[in-house]
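Inspection log for the structure reproduced underneath, given as structure tokens.
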Amino acid sequence: MSVALLRLFRDRLEAGRPRALPAANRVLYPQRGELAVVHRGVTTALTVDRAWHGAGACAVRSGDAGATVLRWELVRAGSPGDGELVLEHAIDLAPDAAWLMRCDRVDFDPGGVALPHRHRGGGIRCLVAGALEVTVGDAPPRLMGPGGAWFESGREPVLARASATEPTSFVRVAVLPAEIRGQTSILYVDPADAARGRPRRYTVWVDTPITLA
């Protein structure tokens, strides 16, 4: 196995101050403001609640009102990092296997629940609205509020209960087997629970094969 690090940073960009980012498998998700990403000579404009993936060095700049951006990076263990680190976690990846990075948003209706389940790979989630009680494996439940982040390896069962009074959403970036591109990564502990969970919706922005550096 190759030990890599998945990191989540929160960048608060000021208008008129572009920032260069070194090469990495990276996902950018603007929470506030507008963002322009220059990567391999191509400029991509991002608005709130969209995501972008790239593997090479890039430069970012905000619109006139500045921007707040969530930035996930998959790097070698020991690689330097720069910025407001929210969370990092080691992730084991077989170097001879094929992998992809996926970024999506999960939206729960009030009272929504994700019954005990696992995933086909690990990733970092960040709550962007509402509240979510998350139980990972045998750890005690944690109540997450907006801005809170947590890691799921995919191996431990997870139970998630959303706020009973308001919609709840989180954004996640996961590293998954390339063979499940375009397919769900979820595996229920009890397969019958696939039809029992209360409504939640998925919006996928990135589902891209990657090369491990």
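In what follows, every heavy atom counts, from backbone to side chain, and hydrogens, waters and symmetry copies are set aside. This structure is a prediction, so every number in the text was calculated from the model and none was measured.
Ionic pairing of Asp11 and Arg19 is present here: one or more N-O contacts between side-chain nitrogen and carboxylate oxygen are shorter than 4.0 angstrom. Salt-bridge check for Arg125 with Glu152: passed, with a basic side-chain N closer than 4.0 Å to an acidic carboxylate O. In this structure, Arg12 pairs ionically with Glu84, as a charged nitrogen and a carboxylate oxygen lie closer than 4.0 Å.
For the atom pair CD1 of Ile91 and CG of Leu74, the computed distance is 6.5 Å after rounding to the nearest 0.5 Å. In this structure, CD1 in Ile210 is found 12.5 Å from CZ in Arg102, a value given to the nearest 0.5 Å.
When atom types are taken as modelled, the side chain of Arg10 and the backbone of Arg71 share no donor-acceptor pair closer than 3.5 angstrom.
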Checklist line | Test log, rule ring pair (Phe, Tyr, Trp, His ring centres under 6.0 Å), inputs Trp205 and Tyr29 | finding: CA-CA 10 Å; Trp205 294 292; Tyr29 171 88; 5.6 Å; yes

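For Arg61, the CZ atom sits in a loose shell: 12 or fewer heavy atoms of surrounding residues, nucleotides or ligands are nearer than 6.0 Å.
Between Arg172 and Val106, some side-chain heavy-atom pair lies under the 4.5 Å cut-off. Annotation: side chain of Arg7 is in contact with side chain of Leu85 (closest heavy-atom distance under 4.5 Å).
Relative ring orientation between Phe151 and His89 is described as parallel, the plane-to-plane angle staying below 30° on a 0-90° scale split at 30° and 60°. Using cut-offs of 30° and 60° for the angle between ring planes, the Trp52 and His39 rings count as perpendicular.
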